[in-house]
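First comes the structure, then the notes that go with it.
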Amino acid sequence: MDASRTGTVTRTRRTETSEMTEAEAIRLAQQGDAGAFERIYRLHSRRVYALCLRMVGNTAEAEDLTQDAFLQLFRKIGTFRGESAFSTWLHRLAVNVVLMKLRKKTLPETSLEESTDPEDESSGPRREIGAPDLLLSGSIDRVHLERAIEQLPPGYRQVFVLHDVQGFEHNEIAGLMECSIGNSKSQLHKARMRLRELLQETLRSLARQERQAAKSSGS
Amino acid sequence: MNMQCEQFEQLLEQQDEGALPKPALAHLETCEACRALSADFSAIHDMALELGNEEVAPPERVWISLRNQLEAERLILDPQAAPRNASHASSGWWSVFQRPAVAGAFLGLVLAAASTVGYMSNFAQTSVHSQLAIQQETSAVPAADSIFKEEVLTVGSDSIPGLQRQDTAVTASIRRNLQIVDNFIAICEKSVREQPDNQMAREYLYGAYQQKAELLATAMNRSMPGGLQ
């Protein structure tokens, strides 16, 4: 769909609702007001979409999940009584939608319990004796990290995104992912180890490219 | 990795955040590898936190699709929107396009078809955009339908003499793409006739019209002497 055209379609309505506060929008949405639904969507969709995108690493799926999350939100908005912050409520709901989807889709191949078996030597990245360590601090940027996150196995990625990117605590993650706190910690640790490896590979590759570029410009 | 390093790593895993206990700090003093590990974890964590503050705007089709679904489920109770609800329950072929990914994929296919000819006419894009914007704001589908039918849609690849003379793979591709777009237009028109107030159906119809106009503009450019090849 052409964004410029859809922008034209929604522009008029957006200006009408842009003055609405979140509390007003919630109250009106509870009465089925279309403008209020849109206001809530415009306020929060960027955050929800970013979360979905990082959790699944795929734009088409992230779009579907964003739609699902808001659909569920609007189905349940009548039950929102304001005990917690609306954004927290929505965020948790979005996480649940993503996790439910991922659970259905990836359970056979990425069981959380399976990949955290302490007996399984290949279950996580290991440090090698004598391996040279490149310090990442100051050398990595967000683009590198995002790419590395995309390469993580789904189980690692979910815990890492929830904890390190979205700021959930281990006990919350354990509740959301239906696993133990220990499992959550273990997955996070392995995710960080794997990310470290991936980022170090990136740094090495960048250094190689620089050397080659210097060589070719010298000759 | 010696025993101390293993213990340190286990501690790091369990501790997660907060100050490390004294024995761990003492180990860090003497172990360069664990110091590097700890520093890298901090760097990753800090960078990840920055990522968490970033926002990404979803494509507009997500909202269009969502609104459509809200109307179908009668969650939107606007007086203006309410009559729409009954007319487009998500059944039949149209329900396929209720998912933004599927709709996006189909339009992507149409766009890809257009891009295979390698050229998008700026003139056609601009003029069609202007027409579409005006029509979206002011008129219903029948009006747009008649304008396009008179001015654009009745033109086919056979109506372009230069194109008929050419017998290249590109020309064949244009014909194929025109056929695809024509089929899609027919489906969209049928849907709009059945559901005149369905905003999304109209969106797709306009998009298909635009694609056809662009393909025809490309074809005409190719048919002209010295046109783009």
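Throughout, protein chains are lettered first and strands after them, A, B, ... in sequence-line order, and every chain is numbered starting at 1. Small disclaimer: the values here were computed from a predicted structure and weren't measured.
Proximity to chain B is limited to the side chain of Tyr41(A), based on heavy atoms less than 4.5 angstrom apart. Using a 4.5 Å cut-off between heavy atoms, Arg75(A) contacts chain B through both its backbone and its side chain. No part of Ile77(A) comes within reach of chain B, as not one of its non-hydrogen atoms sits under 4.5 angstrom from that chain.
Side chains of His27(B) and Cys34(B) form a contact here, defined as non-hydrogen atoms less than 4.5 Å apart.
A perpendicular orientation is assigned to the rings of Phe86(A) and Phe80(A), their planes being inclined by more than 60° (bins at 30° and 60°). Aromatic ring pairs are classed by plane angle as parallel below 30°, tilted from 30° to 60° and perpendicular above 60°; the pair Phe74(A) and Phe37(A) is perpendicular.
Taking CG of Leu65(A) as the reference point, atom CD of Gln67(A) lies at 10.0 Å (rounded to 0.5 Å).
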